[in-house]
Undergrad: 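After the structure tokens below, expect a handful of questions from me.
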Amino acid sequence: MRLTRYYLPLLKETPAEAQIVSHQLMLRAGMIRQQGAGIYAWLPLGFRVLRKIEQIVREEQDRAGAVEMLMPTIQPAELWRESGRYDAYGKEMLRIKDRGDREMLFGPTNEEMITEIFRAGVRSYKELPKLLYHIQWKFRDEIRPRFGVMRGREFLMKDTYSFDIDEAAARRSYNRMFVAYLRTFARMGLTSIPMRAESGPIGGDLSHEFIVLAETGESAVFCDRRLLDLDIPGHDTDFDADLQPLIDRYTGYYAATEEKHDAGEFEKRTSEGDRISARGIEVGHIFFFGRKYSDPMKAVVAGPEGKDIPVEMGSYGIGVSRLVGAIIEAHHDDAGCKWPMAVAPFHVGLINLKQGDAATDAACETAYAALEKAGVEVFYDDTPARPGEKFARMDLIGLPYQLVIGPRGLAAGEVEIKRRADGERLALAPEAAIERIVSEVKAALALR
RNA sequence: CGGGGCGUAGCGCAGUCUGGUAGCGCACCUGCUUUGGGAGCAGGGGGCCGCAGGUUCGAAUCCUGCCGCCCCGACCA
């Protein structure tokens with residue numbers, strides 16, 4: 001992509017309303033634009049990141065055995081009366097009336113709807129288990145939205161729902177999601193820690209929040225340092241195998257959010273040097289809630305004895321749009337974002353230091369074409385702006401690599417590669433630089 | 001929802017107390033000079049001063065009402 005064709009409204013100054021660094025950088029880097037309290041338009045650069053995160057989430061859900069579908073944003077109130085939540089949910093639910101004066105709502109979550117869909121099509125325990133998910137926009141009329149996309153009213157969320165014949169089977173579904181989540185966040189460059197947590201107003205008794213440590217996190221968290229060093233399950237993990245030992249390894253160390261924190265237990269189970277007391281961002285939440293919806297909504301299957309049995313359900317959320325902010329919180333410096341390769345809006349920023357100079361233009365075009373041909377996503381700054389401005393804005397948008405081409409270097413037969421993560425620079429012949437970038441990008445994107 | 005604050009050019013802000021023809025920096029446009037880390041000079045464009053009503057010869061400024069946004073708290077992916 002050429003910058004001259006792109007829509008990238010950068011801000012030199014930080015808008016006053018942005019309090020945390022991810023919000024500030026998303027505004028400055030032209031990723032989002034606010035349309036109302038907690039409501040954001042995703043501009044081209046931000047949208048690319050959102051899509052990449054979404055795709056990783058999708059791949060790992062599929063790998064774990066979940067099946068994608070799509071439910072609507074607007075739901076009839078009737079469905080929520082069945083579960084009893086229409087009145088219980090309160091003002092967070094955005095209620096709407098259609099032209100026929102029918103009561104509708106903009107979905108804050110989809111348990112009711114998925115339960116209705118499930119019961120309409122599954123009759124026998126032999127068809128279980130089922131894991132269904134979708135990635136859809138939700139709306140919760142938060143009392144106080146803040147921190148940009150980290151806590152918007154409208155947000156993109158992946159939610160999976162599991163249906164099982166009994167609690168032991170439901171546990172296996174839960175474990176699949178547990179492992180899938182560890183992989184999902186790791187692929188985005190995040191270290192997530194599963195923590196015991198309250199299950200929230202949705203109900204349930206087995207629940208983990210996946211927390212990314214960050215100074216600006218909303219909740220106080222307490223955990224064992226050794227959790228940070230645990231291996232992430234590989235992409236070749238057999239999800240049909242018994243995952244319990246793997247889960248046990250993660251839940252064997254103390255980790256809890258403020259609500260579930262027990263200082264005495266923390267001290268007993270964790271040596272002083274291993275105790276982490278920090279703040280965290282909740283990026284995912286998994287929980288089992290049994291028959292909470294299947295009972296009142298009569299989602300039943302015929303069991304082995306021919307009797308109807310309400311299914312045991314669980315629900316598993318990932319805040320997709322929130323993750324964009326969370327990743328920036330984890331990867332940035334004073335100059336701007338530092339995207340991990342897997343979620344970077346582009347892999348490489350190509351900087352033409354002297355647009356209009358024939359040799360420089362030609363070298364840039366050659367590099368641009370070669371990189372694109374090799375499958376590398378290139379963002380080419382082909383504007384006539386001055387070098388300093390180009391460096392600054394490329395640092396701000398934070399692509400993993402910068403390929404800098406100018407007349408001075410070319411005269412010496414060289415171009416420069418700068419790695420955004422650590423600032424390391426390398427002068428190479430143009431062909432060598434291209435080769436190098438291609439191999440490093442491919443290596444970074446290789447699945448682990 | 002309780003408490004606090006703010007709405008003036010795309011962004012950051014001054015001007016409001018004490019009413020008198022709306023300013024600064026950045027950004028933008030034109031020209032010249034520059035050109036390897038956000039250039040210099042000269043010229044220029046852009047505002048129903050959040051909205052509505054009121055007071056006044058005259059309102060960004062005073063009064064009333066409304067709307068929007070931000071911060072702290074309780075709530076949430």
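Naming convention: chains lettered A, B, ... in sequence-line order (proteins, then strands); numbering from 1 in each chain.
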Undergrad: Output the rounded distance in Å from CE (M177(A)) to P (A77(B)).
TA: 18 Å
Undergrad: Holding to ring pair (Phe, Tyr, Trp, His ring centres under 6.0 Å), I want the full list of residues that pass it with Y250(A), two or more places apart in sequence or in another chain.
TA: none
Undergrad: Which heavy-atom pair separates I193(A) from C223(A) by the least distance, and what is that distance?
TA: CD1-SG, 3.8 Å
Undergrad: Run the side chain to side chain contact (heavy atoms under 4.5 Å, CB included) test against E54(A) and tell me which residues pass, sequence neighbours left out.
TA: R51(A), R58(A), I135(A), L156(A), V320(A)
Undergrad: What's the gap between C13(B) and C71(B) when it is taken at their P atoms, as a whole Å value?
TA: 14 Å
Undergrad: Check ring pair (Phe, Tyr, Trp, His ring centres under 6.0 Å) between Y181(A) and all other residues, then give those that pass, not counting sequence neighbours.
TA: F185(A), F210(A)
Undergrad: For every nucleotide of nucleotides 31-36 of chain B, 5' to 3': is a protein heavy atom under 4.0 Å from its base (B), only from its sugar-phosphate (S), or from neither (-)?
TA: ---B-B
Undergrad: Just checking G152(A): base, sugar-phosphate only, or nothing, at a heavy-atom cut-off of under 4.0 Å?
TA: base
Undergrad: When you get a sec, tell me which of C1(B), C75(B), C69(B) is the closest nucleotide to the side chain of I143(A)?
TA: C1(B)
Undergrad: Both distances under 3.5 Å, Watson-Crick or G-U wobble: report the partner of U16(B), or none.
TA: none
Undergrad: In whole Å, I'd like the distance from the OH atom of Y89(A) to the P atom of C76(B).
TA: 9 Å
Undergrad: Using atom P of each nucleotide, how far apart are C11(B) and C63(B) to the nearest Å?
TA: 27 Å
Undergrad: Taking the C1' atom of each, how far is C67(B) from U30(B), in whole Å?
TA: 40 Å
Undergrad: Over how many whole Å does the gap from I135(A) atom CD1 to A77(B) atom P extend?
TA: 18 Å
Undergrad: Under the rule for side chain to side chain contact (heavy atoms under 4.5 Å, CB included), what residues qualify as partners of T216(A), not counting sequence neighbours?
TA: I20(A), A214(A), E329(A)
Undergrad: Measure from the side chain of K12(A), starting at C-beta and using heavy atoms only, and say which of C69(B), G73(B), G38(B) lies closest.
TA: G38(B)
Undergrad: Counting only side-chain nitrogens and oxygens, does R146(A) get under 4.0 Å of the OP1 or OP2 atom of C69(B)?
TA: no
Undergrad: What's the CG-C1' distance between L27(A) and C69(B), to the nearest Å?
TA: 13 Å
Undergrad: Got a sec, which residues hit ring pair (Phe, Tyr, Trp, His ring centres under 6.0 Å) with F391(A), two or more places apart in sequence or on another chain?
TA: none
Undergrad: Nearest to the side chain of Q34(A), heavy atoms from C-beta on, is which of G38(B), C69(B), C71(B)?
TA: C69(B)
Undergrad: Can you check the Y133(A) OH to A77(B) C1' distance for me, whole Å?
TA: 17 Å
Undergrad: Roughly how many Å is it from CZ in R153(A) to P in C69(B), rounded to a whole number?
TA: 7 Å
Undergrad: Could you state the atom-to-atom distance from CG of D159(A) to C1' of C76(B) in whole Å?
TA: 15 Å
Undergrad: Classify every nucleotide of nucleotides 8-14 of chain B by which part a protein heavy atom approaches to under 4.0 Å, writing B for the base, S for the sugar-phosphate alone and - for neither, in 5'-to-3' order.
TA: ---BSS-
Undergrad: Applying ring pair (Phe, Tyr, Trp, His ring centres under 6.0 Å), can you list everything that pairs with W339(A), at least two apart in sequence or on another chain?
TA: none
Undergrad: So what's C51(B) paired with, Watson-Crick or G-U wobble, going by both distances under 3.5 Å?
TA: G65(B)
Undergrad: With a 4.0 Å cut-off on heavy atoms, is K138(A) in touch with a base, just the backbone sugar-phosphate, or nothing at all?
TA: nothing
Undergrad: Please say which of K338(A), M341(A), E440(A) ends up in a side-chain contact (heavy atoms from CB on, under 4.5 Å) with P400(A).
TA: M341(A)
Undergrad: Determine which nucleotide pairs with A42(B), using a 3.5 Å limit on both distances of a Watson-Crick or G-U wobble pair.
TA: U30(B)
Undergrad: Across all strands, who's sitting opposite G2(B) as a Watson-Crick or G-U wobble pair, both distances under 3.5 Å?
TA: C72(B)
Undergrad: Round to the nearest Å and state the distance from R393(A) atom CZ to G38(B) atom P.
TA: 14 Å
Undergrad: Between U61(B) and G23(B), how many Å separate the two C1' atoms, rounded to a whole number?
TA: 15 Å
Undergrad: Using heavy atoms to find the nearest nucleotide of RNA chain B for R144(A) and E154(A) separately, return the residue whose nucleotide is more 5′.
TA: R144(A)
Undergrad: According to salt bridge (charged side-chain N to carboxylate O under 4.0 Å, His left out), does anything in residues 2-12 of chain A pair up with another residue at least two apart or in another chain? List the pairs.
TA: R2(A)-E365(A)
Undergrad: Closest-nucleotide mapping onto RNA chain B: is K390(A) or S321(A) further toward the 5' terminus? I mean the 5' end.
TA: K390(A)
Undergrad: Suppose you measure atom C1' in A60(B) against the same atom in C51(B); what distance do you get, rounded to whole Å?
TA: 14 Å
Undergrad: So, taking the atom named CG in L105(A) and the one named CD1 in I74(A), what distance separates them when rounded to the nearest 0.5 Å?
TA: 7.5 Å
Undergrad: Give the minimum heavy-atom separation between G314(A) and F289(A), together with the two atoms involved.
TA: C-CE2, 3.7 Å
Undergrad: Between C6(B) and G46(B), how far apart are the two C1' atoms, rounded to whole Å?
TA: 24 Å
